[in-house]
Amino acid sequence: MLNTKEISSSWEGDFQGEKAIYLRFGSSEAVMLPEIGGNLVAYRDLERGLRFLHEPSPEEMESFKARPMIHGIPVLFPPNRYEDGRFAWNGQTLQFPVNEEATGNHLHGFLYNTPWVVDEYGHTEKESHVSVSITVDESHPVYVCFPFQFSITLRYSLSSDGLMQHVRIRNHGSSCMPCLIAFHTSINAPFNPEGSARDYKLKLTIGDRWELDQRMLPTTRFQPLIQEEEHMRDSGVYPFFAEMDNHYTAVPQNGRNRMELQDTKNGMTLIYDVGTSYKQWMIWNNHAEEGFFCPEPQINLVNAPNLDMQAEEAGLFGLQPGEIWEETSRLYLRQS
């Protein structure tokens with residue numbers, strides 16, 4: 001019989017002054033901050049000293065709390081940019097605050113810094129886990145700009161198969177609501193503190209690159225991939241070959257939609273398998289500065305409700321009253 005206390009555990013603790021839920025399984029550890037957007041800010045291999053996610057340092061905590069975009073796995077709902085903060089849906093126009101002055105757009109929604117409720121956490125011999133949720137109704141502040149009644153539940157579990165994320169959106173209201181979500185996942189490169197980013201190769205299941213205008217909104221046209229982007233799609237490329245703030249269609253390979261980040265020197269590959277419901281990828285690499293980058297799985301095309309194109313192509317769909325949408329993703333390490 002396995003000793004659960006030695007192999008799997010979960011507890012409420014402190015992460016640099018903030019309430020945190022810790023998960024442990026074997027040598028793996030994950031840390032969730034429910035009161036800062038339900039953000040899972042850490043995924044580590046304690047035995048080998050590996051840190052897969054870009055964690056906020058003590059010096060970065062204040063800026064992280066003000067804008068928790070580039071650490072951990074922030075939830076974007078609705079994701080990315082919307083022209084003038086306006087959101088067209090079923091004949092009505094919703095108005096979000098313009099929070100990106102440089103473009104005059106609304107950016108990244110309202111859940112990444114909203115407190116989430118801890119529904120439960122625990123552990124068994126096979127996994128440790130935590131579930132958090134948020135419920136929006138007429139009394140919630142965001143109902144003014146997003147007048148729908150719904151709940152989102154996030155469940156993270158840590159096991160011998162790595163870190164799994166399960167997300168579920170349920171429409172509790174009486175009208176059809178748009179289902180738009182993404183994750184601004186921040187991946188360390190290198191994830192081995194003793195390694196070099198030059199030894200890392202990024203592979204991503206991209207298809208076409210969307211043309212973006214000066215406001216970073218899609219024109220609905222495609223741009224040709226450059227050679228390095230073809231390598232990123234096919235065999236892997238140095239993640240900081242150029243500055244990237246790019247938007248791509250997602251095209252699964254071998255039935256899977258995922259990122260692979262290979263440490264060529266140490267024979268390890270970090271897999272981020274996000275599921276095929278995510279029809280788009282955003283990728284941002286911090287102005288090509290080595291250290292971390294963000295492969296962002298996204299259901300919908302940026303500004304999708306405002307674009308003159310087929311809903312299916314834009315990844316735009318709704319949930320009818322009582323309907324549920326859900327998807328799973330997984331981060332795990334593969335030895336070469």
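Just so you know, these numbers use all the heavy atoms, side chains as well, and skip hydrogens, waters and symmetry mates. It should be emphasised that the depicted structure is a prediction, and the values quoted were computed from it without experimental measurement. For this chain, numbers begin at 1 and follow the sequence in order.
- Between the side chains of Y156 and Q165, at least one donor N or O sits under 3.5 Å from an acceptor N or O.
- Ring geometry, H54 versus F292: the interplanar angle falls under 30°, so the pair is classed parallel (tilted spans 30 to 60°).
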Exercise for review: Applying side-chain contact (heavy atoms from CB on, under 4.5 Å), run through I283 and M259 and close with a yes or a no.
Suggested key: CA-CA 11 Å; I283 184 164; M259 176 216 77; over 6 Å; no
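- M282 and L111 sit in two unconnected hydrophobic clusters of ILVMFWY residues. Membership requires side-chain heavy atoms under 4.5 Å apart, directly or through other members.
- The shortest distance between side-chain heavy atoms of Y200 and T264 does not fall below 4.5 Å.
- Note: L204 CG to Y272 OH = 10.5 Å, rounded to the nearest 0.5 Å.
- Between M61 atom CE and E55 atom CD the span is 11.0 Å, to the nearest 0.5 Å.
- None of S128, S157, S10 except one satisfies the side-chain hydrogen bond (donor to acceptor under 3.5 Å, both in side chains) rule with H123; the exception is S10.
- Taking the six-membered ring for Trp and thresholds of 30 and 60 degrees, F317 and W325 have ring planes inclined between 30 and 60 degrees apart.
- When only modelled atom types and interatomic distance are considered, Y238 and E290 share a side-chain donor-acceptor pair under 3.5 Å.
- Hydrophobic cluster membership is shared by Y121 and L154, with clusters built from Ile, Leu, Val, Met, Phe, Trp and Tyr side chains linked at under 4.5 angstrom.
- M164 places none of its side-chain heavy atoms less than 4.5 Å from the side chain of E127.
- No side-chain donor from either of D213 and T219 sits under 3.5 Å from a side-chain acceptor of the other.
- Between F96 and F110, the two ring planes are parallel [angle under 30°; tilted spans 30° to 60°].
- If you check the side chains of N306 and R86, you find no donor sitting under 3.5 Å from an acceptor.
- Between W210 and the options Q280, H247, Q223, a side-chain hydrogen bond (donor to acceptor under 3.5 Å, both in side chains) holds for only Q280.
- A continuous path of Ile, Leu, Val, Met, Phe, Trp and Tyr side chains, each step under 4.5 Å between heavy atoms, connects V130 with L53, placing both in one hydrophobic cluster.
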**Study point:** Derivation of the side-chain contact (heavy atoms from CB on, under 4.5 Å) call for E260 and R334
**Key:** CA-CA 10 Å; E260 301 176 47; R334 184 185 69 200; 3.6 Å; yes
**Study point:** Chi angles and distances behind the side chain to side chain donor-acceptor pair (under 3.5 Å) call for Y82, N303
**Key:** CA-CA 5 Å; Y82 296 87; N303 201 36; over 6 Å; no
